[in-house]
Amino acid sequence: MAERINADMDWTQYTREFEMNLRRIRAQRGFSQERVAYDAGMSRLQYQRLEGGGSSKDPTAKTLIALAQVLDVSIDELLPTPWPDLRAR
């Protein structure tokens, strides 16, 4: 299991790192945003928001799985490490 960091980690920073991972992996594959969105079953606007193009919700597990499959990576490669500790205190 991935290492966890304390609850003080800034969630905004964590989501920015996720956005950068997504953008980097897509670029390495030579895919357009439109192609990834289509292949993952989402709109281009939804995908752009995941890459940081505006306010977005946290992606669902279904979305993470679809993106990992389209980009041919594990979910762990999409998610930044260490993970924030989200357990209730």
Side-chain angles (χ1 to χ4, degrees):
M1 180 181 274
E3 174 187 346
R4 293 180 186 264
I5 59 174
N6 68 37
D8 295 333
M9 177 173 185
D10 181 15
W11 184 253
T12 302
Q13 176 187 349
Y14 188 80
T15 58
R16 275 191 224 132
E17 290 178 29
F18 169 73
E19 293 165 359
M20 288 187 304
N21 285 351
L22 192 57
R23 196 171 20 250
R24 176 182 48 78
I25 294 167
R26 178 184 58 76
Q28 287 173 343
R29 301 292 185 271
F31 295 164
S32 67
Q33 289 180 336
E34 188 170 21
R35 176 179 174 182
V36 174
Y38 179 81
D39 290 350
M42 63 179 60
S43 73
R44 185 171 47 89
L45 180 59
Q46 287 173 306
Y47 182 81
Q48 286 175 329
R49 287 180 175 161
L50 288 177
E51 277 198 8
S55 63
S56 69
K57 296 181 179 180
D58 297 332
T60 64
K62 181 179 177 181
T63 297
L64 288 173
I65 291 168
L67 291 170
Q69 290 172 343
V70 169
L71 296 169
D72 195 29
V73 296
S74 70
I75 292 174
D76 282 346
E77 292 174 82
L78 290 176
L79 298 177
T81 55
W83 297 347
D85 187 348
L86 302 176
R87 294 175 283 196
R89 303 273 171 186

What residues form a side-chain hydrogen bond (donor to acceptor under 3.5 Å, both in side chains) with Ser43, not counting sequence neighbours?
Gln46
Under the salt bridge (Lys or Arg N to Asp or Glu O under 4.0 Å) test, which residues partner Arg44, sequence neighbours left out?
none
[atom1]-[atom2] distance between [X] and [Y], expressed to the nearest 0.5 angstrom:
| X | Y | atom1 | atom2 | value |
| --- | --- | --- | --- | --- |
| Asp58 | Phe18 | CG | CZ | 9.5 Å |
| Thr81 | Asp76 | OG1 | CG | 8.5 Å |
| Asp39 | Glu34 | CG | CD | 10.5 Å |

Under the salt bridge (Lys or Arg N to Asp or Glu O under 4.0 Å) definition, can you give me all pairs with a residue in residues 21-32, not counting sequence neighbours?
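Listed by first then second residue: Arg26-Glu51.
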Which residues pass the side chain to side chain contact (heavy atoms under 4.5 Å, CB included) test with Ala37, sequence neighbours left out?
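Counting only residues at least two positions away or on another chain, Ala37 forms a side chain to side chain contact (heavy atoms under 4.5 Å, CB included) with Met42, Tyr47.
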Heavy atoms only: give me the nearest Leu50-Pro59 pair and the separation to one decimal.
CD2-CB, 4.0 Å
Pairs where residues 65-75 contributes a residue and the test side-chain hydrogen bond (donor to acceptor under 3.5 Å, both in side chains) is met, not counting sequence neighbours:
Ser74-Glu77
Evaluate the side-chain proximity of Leu67 to Val36: yes if any heavy-atom separation is below 4.5 Å, no if none is.
yes
Would you say the side-chain atoms of Tyr14 pair up with the backbone N or O of Trp83, donor to acceptor, closer than 3.5 Å?
no
Only residue of Leu78, Val70, Ile75 satisfying side-chain contact (heavy atoms from CB on, under 4.5 Å) with Ile65 is Ile75
